[in-house]
Amino acid sequence: IYGEQAIIGRVDGNEFAILLPAERAPRSPDDLAASAKALGYEIDVGGRSIDVSFSCGGAFSQDGAADESFNDFFARARTALREARMSSADHAAVFYDGDLDRRERIARTLENELVHALARDEFFIEVQPKVAMNREVSGYEALLRWRTTEGELVPPGVFIPIAEANGTIRTIGLWVFQEVCKLAATKEFQARGLRISVNLSRQMESGTLPDMLAKICLDSGADPGQIELEVTESWAVKDFSRGSGMLERLKAKGFGISLDDFGTGYSSLGALVRLPVDIIKIDRTLLPLDVADNVDAQKLLGATIDLCRAMGREVLVEGVETEEQFRVLAESGCDLAQGYLFGKPRPYEAVPGAAEAQEKPSTLVSQAS
Ligand code: C2E
Ligand code: MG
Ligand code: MG
């Protein structure tokens, strides 16, 4: 593909490097991806065809920079390669630019900070109301927030994947659960029959999880029936019998189970029907802003709600922002709604019972695994 002047070497297991003179080099990541595609998606090994795809990273040597070492040059290509590997596309290609280094540095710094965040008391919880179709608040969802020592608010979409990757989510998740139990145990919550839900990561799953959660709940004086555990389809999809077995055990402890972000995953309906969940939370991507004028969106949403109800589950729709959206939902037979229309996530202090809950000590839960 690149001609006689190309030098090709094998760097490591399935990693290869190609060194090219600048005039032969691909001009853009798309060019680079195109040359990988030219190799095809299948290779023949001893008569058997094997699917292949390449992730490609490219870097240019700094022309004329006399002090540039080959190792630095090569390291830049590998940084680009790591970024390409994170892409879900087949034959993804990325060219190195200074921003990649910066992003890698930020991720590494966050990872280091995250390990200390719990001890430094940098996490807090916000709660968002869930309402019945008569707009009465039936409960709340607890959403984790992180304010770093520098006062920066890091979005959960950024730090939770890091915490999941390095395992700290187990300790952090138990801390969130403990805070939620304290709230559920307040007189205010109990008198009003309010429920509260908490998101569980699949990385928190372990043989001892049901016992651990049951003990934290019991110690706090909360009733497991007030607490819902939100899990995503990936709990079941990875390994159905294990995932659904875990949910059965959590249910047996008295907790409610919600299936979060329904409609965004790829699991078979057959598997979903057999999952022991009480509530299905339909993802907000199924509720576009223009749903009131969008017949196709209404059909899809209506059919999804009917399906969930036919399976005997309660149905909540997420991300309700406007009255028009709510009107469509009211006609569609869903049971619960959640979204900015009824309240954005607010600091935990704003919720009934918070003052009482805050008087209780936080025994920092360690030993998560
Ligand atoms: P999720 O569980 O699906 O939470 C709902 C997300 O939608 C929240 O984002 C919430 O602020 C946002 N949202 C609620 N209503 C509306 C609306 O009307 N419009 C729009 N555009 N958005 C709305 P947030 O707080 O950024 O959380 C993102 C995700 O992070 C959560 O998605 C959940 O998967 C995860 N997460 C949050 N807290 C925890 C936690 O304690 N543990 C774990 N494992 N994951 C958590
Ligand atoms: Mg959730
Ligand atoms: Mg959700």
Side-chain angles (χ1 to χ4, degrees), residues 130 138-142 144 160 164 167 169-181 183-185 193-283 304-318 334-336 338 365 367-369:
K130 299 180 189 178
S138 71
Y140 297 89
E141 173 171 6
L144 180 60
I160 287 174
E164 287 175 339
I169 193 67
R170 293 197 205 96
T171 320
I172 297 168
L174 288 184
W175 177 82
V176 177
F177 183 77
Q178 186 185 44
E179 295 302 298
V180 159
C181 288
L183 201 51
L194 292 169
R195 296 196 287 183
I196 184 156
S197 68
V198 55
N199 294 282
L200 293 189
S201 281
R202 196 170 57 80
Q203 285 74 4
M204 287 175 70
E205 186 190 326
S206 77
T208 52
L209 185 68
D211 288 331
M212 240 170 353
L213 297 189
K215 177 166 191 316
I216 294 172
C217 183
L218 185 76
D219 290 350
S220 72
D223 167 4
Q226 294 174 277
I227 295 173
E228 267 165 40
L229 308 174
E230 297 197 7
V231 300
T232 54
E233 285 169 41
S234 64
W235 276 69
V237 173
K238 265 251 149 144
D239 174 347
F240 184 82
S241 62
R242 192 190 150 97
S244 65
M246 177 61 51
L247 296 182
E248 290 288 4
R249 288 179 54 206
L250 290 166
K251 240 174 113 84
K253 299 288 183 191
F255 299 117
I257 310 283
S258 303
L259 191 63
D260 205 355
D261 304 340
F262 182 69
T264 57
Y266 301 93
S267 32
S268 81
L269 286 175
L272 285 177
V273 173
R274 289 182 288 135
L275 269 190
V277 302
D278 306 292
I279 299 184
I280 294 179
K281 298 186 73 176
I282 297 182
D283 192 74
T304 310
I305 292 172
D306 289 348
L307 176 81
C308 296
R309 291 184 60 105
M311 299 190 301
R313 310 298 203 272
E314 259 186 284
V315 187
L316 179 149
V317 177
E318 300 184 291
C334 90
D335 304 290
L336 297 162
Q338 181 180 352
V365 252
Q367 291 288 305
S369 47

_Determine whether Gln178 and Cys181 satisfy the following criterion, side chain to side chain contact (heavy atoms under 4.5 Å, CB included), listing intermediate values before the conclusion._
CA-CA 5 Å; Gln178 186 185 44; Cys181 288; 5.7 Å; no
*asked:* Working note: Asn199 + Leu229, criterion side chain to side chain contact (heavy atoms under 4.5 Å, CB included); need CA distance, chi angles, decisive distance, verdict.
replied: CA-CA 6 Å; Asn199 294 282; Leu229 308 174; over 6 Å; no
*Verdict with supporting geometry, Glu230 and Ser258, side-chain hydrogen bond (donor to acceptor under 3.5 Å, both in side chains)*: CA-CA 5 Å; Glu230 297 197 7; Ser258 303; 4.9 Å; no
_One pair to check against side chain to side chain contact (heavy atoms under 4.5 Å, CB included): Leu272 and Leu259. What are the steps and the verdict?_
CA-CA 9 Å; Leu272 285 177; Leu259 191 63; 3.8 Å; yes
*Decide yes or no on side chain to side chain contact (heavy atoms under 4.5 Å, CB included) for Ile305 and Val317, but give the supporting numbers first.*
CA-CA 9 Å; Ile305 292 172; Val317 177; 4.2 Å; yes
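Here the closest non-hydrogen pair linking Leu247 and Pro276 is CB-CG, 3.7 Å.
Between atom CD1 of residue Ile282 and atom OG1 of residue Thr264 there is a gap of 11.5 Å, rounded to the nearest 0.5 Å. A distance of 5.0 Å separates CE in Met204 from CG in Leu200, rounded to the nearest 0.5 Å. Taking CD1 from Ile160 and CD from Gln203, the interatomic distance works out to 10.5 Å, rounded to the nearest 0.5 Å. A distance of 7.0 Å separates CD1 of Ile172 from CG of Leu144, quoted to the nearest 0.5 Å. From Asp223, atom CG reaches atom CG of Leu218 across 10.5 Å, with rounding to the nearest 0.5 Å.
Not counting sequence neighbours, the partners of Pro210 by the side chain to side chain contact (heavy atoms under 4.5 Å, CB included) test are Met246, Arg249, Leu250, Lys253. Residues satisfying the side chain to side chain contact (heavy atoms under 4.5 Å, CB included) test with Asp219, not counting sequence neighbours, are Lys215. Under the salt bridge (Lys or Arg N to Asp or Glu O under 4.0 Å) criterion, Glu228 pairs with Lys130, Arg195, not counting sequence neighbours. In this view, Glu205 and Arg242 satisfy the side chain to side chain donor-acceptor pair (under 3.5 Å) rule, not counting sequence neighbours. Ala184 is linked by a side chain to side chain contact (heavy atoms under 4.5 Å, CB included) to Ile196, Ala222, Gln226, Ile227, counting only residues two or more places apart in sequence or in another chain. With sequence neighbours excluded, no residue forms a side chain to side chain donor-acceptor pair (under 3.5 Å) with Ser138. With sequence neighbours excluded, no residue forms a side chain to side chain donor-acceptor pair (under 3.5 Å) with Ser220.
For the side-chain hydrogen bond (donor to acceptor under 3.5 Å, both in side chains) condition, the pairs that include at least one residue of residues 308-318, sequence neighbours left out, are Arg309-Asp335. Pairs passing the ring-ring contact (aromatic ring centres under 6.0 Å, His included) check and including a residue from residues 241-262, sequence neighbours excluded, read Phe177-Phe255. Counting only residues at least two apart or on different chains, no salt bridge (Lys or Arg N to Asp or Glu O under 4.0 Å) pair has a member in residues 257-270.
The shortest side-chain heavy-atom distance between Arg202 and Glu164 does not fall under the 4.5 Å cut-off. Ile280 places a side-chain heavy atom less than 4.5 Å from the side chain of Met311.
Looking at Leu275, Ile279, Val231 one by one, the single match for side chain to side chain contact (heavy atoms under 4.5 Å, CB included) with Ile257 turns out to be Val231.
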